[in-house]
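Since the structure comes first, as structure tokens, the remarks are kept for the end.
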Amino acid sequence: MTATIANLPSLYDPFSTEAKWQKFWEDNQVYKADPNKGGEPYCIVIPPPNVTGSLHMGHAFESALIDTLVRYHRMQGRNTLWLPGTDHASIAVHSMLEKQLKKEGKTRYELGREKFLERAWQWKAESEGTILNQLRRLGVSVDWSRERFTLDEGLSKAVVEAFTRLYEEGLIYRGEYLVNWCPASQSAVSDVEVENQEVNGNLWHFRYPLTDGSGFVEVATTRPETMLGDTAVAVNPNDDRYKHLIGKTLTLPILQREIPIIGDEFVDPTFGTGCVKVTPAHDLNDFDMGKRHNLPLINIMNKDGTLNANAGEFQGQDRFVARKNVVSRLEADGFLVKIEDYKHTVPYSDRGKVPIEPLLSTQWFVKIRPLADNTLEFLDQQTSPEFVPQRWTKVYRDWLVKLKDWCISRQLWWGHQIPAWYAISETDGQITDNTPFVVAKSETEAWEKAKLQFGENVKLEQDPDVLDTWFSSGLWPFSTLGWPEQTQDLATYYPTTTLVTGFDIIFFWVARMTMMAGHFTQQMPFQTVYIHGLVLDEKGQKMSKTKGNGIDPLLLIDKYGTDALRYTLIREVAGAGQDIRLEYDRKKDESASVEASRNFANKLWNAARFVMMNLDGQTPQQLGNPVATELSDRWIISRYHQVIKQTTNYIDNYGLGEAAKGLYEFIWGDFCDQYIELAKSRLQADADPVSRRVAQQTLGYILEGILKLLHPLMPHITEEIWQTLTQQSVDSPQTLPLQIYPQVDANLIDSALEEQFELLIATIRTIRNLRAEADIKPGVKVTANLQTQSQKEREVLTAGQSYIKDLAKVETLTITDKQENQTVAAKKPQRGLKTIGLIIVAIIFGRLGLAAGNAIDDIPIIGTFFEIVGFGYTAWFVSQNLLTAQARQKLWRQFFPQKKLEESQEPENAIAGVIGTIQVLIPLSGVVDIEAVRAKLEKSLSKAEAEVQSLSTRLNNPSFVDRARADVVQGARDALAEAQKQAEILRERLKGLP
């Protein structure tokens, strides 16, 4: 695949590289699982995307998380299987096909079931490649040889097996019940497929007259059309206002049907008027109340959302049209009291996107309590499965406690047809609510059973409905591995290790899987459930088709590469289960955060090129592992093993974002910016050969380790570099995904050394920052004075002074005791006293001289001579040693030897910085024109302050804030914050100038 010459192109091309390795991995079945391989199993089954779907950012995020875990555990030596597949998406496909037929002027009934399903399978064959190929572009390391589809032969067999077993055990039944009906798809939907939306609606108040003419009661409703199906009005039996009316009857307006007033404690007397209309066939609470009081159930609704014959004059009208007409009629008849604005919650079909209609219907149900209670035992007694983050355990448990029987039949054709056959010969050739039936695993078995019950002449017709998609998805973790057969895959990889999924389908899918698995396999289907958050848009809002704020991951892949997008999505995770925000410029279709990850990839690429150009054509294996002697070698090796330990710990505990950030800091900061720079001088041809060899060994060793550490996060670029670095054979190359993940060697970790080296790096960084602040040109070397009271710090700085000089471009470096400097500095104000003291000493010596002179005054000529000499010497001494500061300092040092004063005092025209307790001084005289730098900074500051003033004035203007578009106002606020920040930085730089 790669040339054997250890050299990379000058520029990294993610697009050709990623396509090449994706093809190579799949063609060579690199990720094919082998149950006979041995090793601890690690298995994840993919949350199956809808066959109708295309890749969205949620898919990209989830797939990146899963692939990171799978690649990591594969490199840890575990027997790994990531099983791919898709879901048949019953409602979505059915709706799409019916829309196509509508454009052709046809219905599915005119086409017929067989032809309809032919179309569905044809469409599936043409379109399923879209989502699967998009997943391939993400570089997912799935075993494509085990790809499954929820309607394939094996999974269909599992569905029939599960249905028949549950039925035979009394856990599936057929009965009449109030279901959530979606008029758009004309199918029942389960509770978890209902999305509650808050809407601004109305509350209509009506009067229902008492049949005896003695008055009326007032009721209120948000659905006026349902009054046509009322069969009672209920009041609380303890409500003194109405309890005398219990037992009387009312005359229902419009239809003139006589209905009773009943007493039921369900009624809240404090809500509204305290009187509640009861419509048992169109409201779940009313349905339960109707059963308690033996009320008739009057259905007024057709399955398409129009009203039926029970609605009288409103028959055939759409429910919302009928709503307006019913209100108009009540108003005309004098029964309308008032209409109030009312914000309330309306249940919508998650698929049909229309309000749900509670509808009385005969459906198939799973008796949920036995399954849910069994699952609760696993949770309460074994903490199985374990949720990450743990807070989702309570949410999951609460849901299991509250579950009601699960409606599993759907009035659709695309899906698993219910394995029940009706003896229509017993009910005049029609399937009715009372038609007897048999449940069987096949039509042949159904005929055998039916003949035994109904005779040889029985006529059978299979139930036309299909099962809820979540029924087959609930079997996914074990059916995909071969259940109900006892396959080798099932024995090896089940229960699976981890389920990675979003919190929004804990109820749709996770609970279904745990209930089904607990019942059929007596185990939970996975050890751990890792719940991830959502990918939010640039404003921190949830992406949705309704808002139109989605971000196309393929667009970002085309612009920046797959690895860049993957790495960004994972790096942004601040903790398991947390939402992430993705920076995105919609005008330019650009993402600053993904661009930063692309830059990281380029940084790694360039560093790898430099390393390989300096290894003399040898691989890390040929060079051998380093035996570090130099400080920088020991430091980077210690940091490397510290990062192995840190990364392993993070990933083992689902801290994927933290692992990504830690690798970034090590690779970019420690390896690229520090160690490679420190090693450059040792790689020169004239460098010490032993030191050069160790530097080469260290570079090769650390680079290969980095590629392995980073591979689960950025698989393509790391494979490309690793192939070249290790000079793999073109004909039969090894591949990076199958290499062993780096193992930590605790003996090579030296935390004290890392702490010391961090001090050196911080010092280098500070000197570099000071150079930048003073506008010192990159090629100019400076003098630097490092002052600290700490003996230990001085020793560290002294040991690393060659690194400081090299990376910070320092020509002269002095390291001194800050305490001594402070002592010398404190003596500066005493210089006047020193001078006076010296003068006094001179006078004393002069006086002694005069006294001696007096003793010989009596000697002629000699006395006069000594007076002249003494006076002259005194004059000379004062002029040479006392008249100037320089002379006085020289004399003082002769009497009191010490360090040179000019080395101890802070030089004038110097810029200063601090790292902890270390002070850094860089003299600027002769290095830069300080006044020119000051003028430049002042000019920039004036410009920034003017920008601040202009933007502040604009934002303080109510006319602008109230009338401008929200994004324009926010842009102005962001610009103001940036200008204020720039002004503050410039002020600090001016303040730091001498």
Side-chain angles (χ1 to χ4, degrees), residues 39-40 42 67-80 388 497-498 528 567 570-571 573 576 604 607-608 611 619-621 623-672 674-676 679 694-715 718-719 721-722 725-726 734 736-758 761:
E40 183 183 358
Y42 185 87
D67 198 49
T68 298
L69 290 171
V70 171
R71 287 180 182 275
Y72 167 77
H73 285 286
R74 183 183 290 114
M75 294 180 75
Q76 289 285 8
R78 299 184 69 173
N79 187 345
T80 305
V388 178
T497 312
T498 306
T528 304
Y567 182 77
I570 294 175
R571 184 192 62 201
V573 180
L604 175 63
V611 169
T619 67
Q621 289 71 31
L623 287 166
N625 289 343
V627 179
T629 54
E630 292 205 19
L631 185 68
S632 61
D633 299 332
R634 290 191 292 116
W635 166 73
I636 194 64
I637 290 172
S638 178
R639 284 291 302 126
Y640 168 62
H641 282 274
Q642 194 78 263
V643 168
I644 296 173
K645 179 180 178 181
Q646 170 185 291
T647 306
T648 301
N649 181 63
Y650 277 138
I651 298 179
D652 284 343
N653 292 283
Y654 299 95
L656 305 186
E658 291 82 355
K661 295 182 188 76
L663 286 172
Y664 180 95
E665 292 167 1
F666 173 70
I667 295 168
W668 190 302
D670 294 342
F671 184 66
C672 296
Q674 305 301 335
Y675 184 74
I676 287 180
V694 173
Q696 289 176 321
Q697 290 174 328
T698 305
L699 285 166
Y701 171 72
I702 300 297
L703 177 58
E704 184 174 14
I706 281 172
L707 297 174
K708 292 177 180 178
L709 287 171
L710 190 61
H711 177 75
L713 296 156
M714 303 181 85
T718 50
E719 176 79 280
I721 295 172
W722 184 83
L725 175 67
T726 58
Q734 296 184 50
L736 182 55
L738 301 183
Q739 302 306 301
I740 296 300
Y741 202 75
Q743 303 298 304
V744 65
D745 185 343
N747 295 321
L748 295 176
I749 296 178
D750 188 338
S751 299
L753 172 63
E754 291 183 34
E755 184 178 346
Q756 294 169 14
F757 213 87
E758 183 58 39
I761 293 172

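Worth knowing before you read on, the calculation uses all heavy atoms, side chains too, and leaves out hydrogens, waters and symmetry mates.
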Apply the test side chain to side chain contact (heavy atoms under 4.5 Å, CB included) to residues V70 and Y42: give CA-CA distance (whole Å), side-chain angles for both, the deciding distance (0.1 Å), then the verdict.
CA-CA 8 Å; V70 171; Y42 185 87; 4.3 Å; yes
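- Counting all heavy atoms, side chain and backbone alike, L663 lies closest to L709 at CD1-O, 3.7 Å.
- You'll find the side chain of L656 stays beyond 4.5 Å of the side chain of V573, heavy atoms only.
- Residues Y701 and Y640 are in side-chain contact: their nearest non-hydrogen atoms beyond the backbone lie under 4.5 Å apart.
- Annotation: the span from R71 atom CZ to M714 atom CE amounts to 12.5 Å, rounded to 0.5 Å.
- Using a distance-only test at 3.5 Å, with no hydrogens or angles considered, no donor-acceptor pair links the side chain of H641 to the main chain of I749.
- Here L69 contributes atom CG and T80 contributes atom OG1; the two are 11.0 Å apart, rounded to the nearest 0.5 Å.
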Test T698 against I637 for side chain to side chain contact (heavy atoms under 4.5 Å, CB included), laying out the working first.
CA-CA 8 Å; T698 305; I637 290 172; 4.2 Å; yes
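- The side chain to side chain contact (heavy atoms under 4.5 Å, CB included) with T497 is formed by just one residue from the set H73, E40, R78; it is R78.
- Q674 places no side-chain N or O within 3.5 Å of a backbone atom of C672 that could act as its donor or acceptor partner.
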Check the pair Y741 / T648 against side-chain hydrogen bond (donor to acceptor under 3.5 Å, both in side chains), numbers first and verdict last.
CA-CA 9 Å; Y741 202 75; T648 301; 5.4 Å; no
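- The side-chain heavy atoms of E755 and E758, taken from C-beta on, include no pair separated by under 4.5 Å.
- Atom CD of Q739 and atom OG1 of T718 lie 11.5 Å apart (nearest 0.5 Å).
- Looking only at side-chain heavy atoms (C-beta outward), L738 and R74 come within less than 4.5 Å of each other.
- With values rounded to the nearest 0.5 angstrom, L736 atom CG is found 5.0 Å from E719 atom CD.
- Separation of atoms CD1 (I636) and CG (L631) is listed at 11.5 Å; rounding is to 0.5 Å.
- Looking at every heavy atom in both residues, G705 comes nearest to P742 through O-CG, 3.8 Å.
- The shortest distance between side-chain heavy atoms of V627 and D633 does not fall below 4.5 Å.
- In this structure, Y664 and Y567 have parallel ring planes: the angle between them is below the 30° cut-off, well short of the 60° mark.
- Using a 4.5 Å cut-off on side-chain heavy atoms (C-beta onward), F671 and I676 make contact.
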Can F666 and L710 be said to form a side chain to side chain contact (heavy atoms under 4.5 Å, CB included), step by step?
CA-CA 11 Å; F666 173 70; L710 190 61; over 6 Å; no
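- Shown here for D750 and S638, the closest heavy-atom pair between the two residues is N-OG, 2.7 Å.
- The side-chain heavy atoms of R634 and F757, taken from C-beta on, include no pair separated by under 4.5 Å.
- Under the 3.5 Å distance criterion, the side-chain polar atoms of N653 are left unmatched by any main-chain donor or acceptor of G655.
- Using modelled atom types, no side-chain atom of N649 and backbone atom of K645 make a donor-acceptor pair closer than 3.5 Å.
- For the atom pair CD1 of I570 and CG of L713, the computed distance is 5.0 Å after rounding to the nearest 0.5 Å.
- Not one N or O on the side chain of E658 forms a donor-acceptor pair closer than 3.5 Å with the backbone of Y650.
- In this structure, a donor-acceptor pair under 3.5 Å is absent between the side chains of Y72 and T647.
- In plain terms, the two heavy atoms of V694 and A628 that are nearest each other are CG1-CA, 4.4 Å.
- Side chains of M75 and P737 form no contact here, defined as non-hydrogen atoms less than 4.5 Å apart.
- Nearest heavy-atom pair across A608 and I721 is CB-CG2, 3.6 Å.
- With a 6.0 Å radius and a threshold of 12 heavy atoms from other residues, nucleotides or ligands, K661 has its NZ atom above the threshold.
- In the model, W722 has a side-chain atom that pairs as donor or acceptor with a side-chain atom of E704 under 3.5 Å.
- Closest approach of Q697 to L623, counting heavy atoms only: NE2-O, 2.9 Å.
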